[in-house]
J.: 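Shown below is the structure under consideration.
All residue numbers refer to positions in the sequence shown, counting from 1. Note that the structure is predicted; figures quoted are calculated from it, not measured.
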Amino acid sequence: NLREMREVVAKAMEKLPEELRIVVVLRYWEGLTYDEIAGRTGLAPITVRRKLCEACLRLHNPFKVLLKGSCDPQEPPSDGGGDARGGGQL
């Protein structure tokens, strides 16, 4: 059920280091692009991408679907910046 899923997601997010949790929240809760996240955090866009990939791998299989992306850090973004609103992938 939805409540159980929220609890699982919350527990998994709590286990992430803060630096990974921040980029996940900015990307998937706030819908920011890699460039927007970079501007807010001071990280390079490629570093944002790598941190998102690391977070995806740590959250593992059930959350790959929720995060809607590939966890291959070698795969280039499909739109040059990755758009959380549907254009890009992790």
Side-chain angles (χ1 to χ4, degrees):
N1 80 34
L2 187 57
R3 183 174 180 211
E4 290 171 353
M5 178 66 96
R6 285 183 179 160
E7 288 176 16
V8 169
V9 170
K11 286 179 183 180
M13 289 291 292
E14 286 174 9
K15 291 179 182 179
L16 287 177
E18 184 178 13
E19 63 185 16
L20 299 181
R21 193 169 46 247
I22 289 169
V23 295
V24 168
V25 168
L26 291 174
R27 177 73 169 167
Y28 298 105
W29 273 262
E30 295 189 21
L32 301 183
T33 66
Y34 299 135
D35 289 337
E36 291 168 332
I37 296 168
R40 285 210 187 168
T41 62
L43 300 170
I46 191 66
T47 304
V48 169
R49 180 179 163 78
R50 287 187 180 129
K51 288 187 180 297
L52 285 166
C53 288
E54 182 179 346
C56 181
L57 289 169
R58 287 184 182 214
L59 292 171
H60 208 49
N61 292 327
F63 301 107
K64 284 183 191 178
V65 174
L66 291 176
L67 296 178
K68 299 178 190 167
S70 163
C71 291
D72 182 358
Q74 302 304 315
E75 178 185 323
S78 60
D79 64 1
D83 185 347
R85 293 169 288 271
Q89 293 180 307
L90 272 179

J.: Measure the spacing between CG of Leu26 and OG1 of Thr41 and express it to the nearest 0.5 Å.
T.: 7.5 Å
J.: Output the distance between atom CE (Met13) and atom CH2 (Trp29), rounded to the nearest 0.5 Å.
T.: 4.0 Å
J.: CG/Leu20 to SG/Cys56 distance, rounded to the nearest 0.5 angstrom?
T.: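 One finds 11.5 Å between CG of Leu20 and SG of Cys56.
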J.: Please determine which of Ile37, Thr33, Asp35 meets the side-chain contact (heavy atoms from CB on, under 4.5 Å) test together with Pro45.
T.: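 Filter result, single survivor: Asp35.
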J.: Hey, what do you get for OG1 (Thr47) to CG (Leu52), rounding to the nearest 0.5 Å?
T.: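 Answer for the OG1-CG pair, Thr47 versus Leu52, is 11.0 Å.
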J.: Can you tell which of Arg50, Arg58, Lys51 makes a salt bridge (Lys or Arg N to Asp or Glu O under 4.0 Å) with Glu54?
T.: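 Result for salt bridge (Lys or Arg N to Asp or Glu O under 4.0 Å) with Glu54: Arg58.
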J.: Does a side-chain N-to-carboxylate-O contact under 4.0 Å join Glu7 and Arg3?
T.: yes
J.: Go through the structure and list residues passing salt bridge (Lys or Arg N to Asp or Glu O under 4.0 Å) with Arg21, not counting sequence neighbours.
T.: none
J.: What pair of heavy atoms forms the shortest contact from Ala55 to Val24, and how long is it?
T.: CB-CG2, 3.4 Å
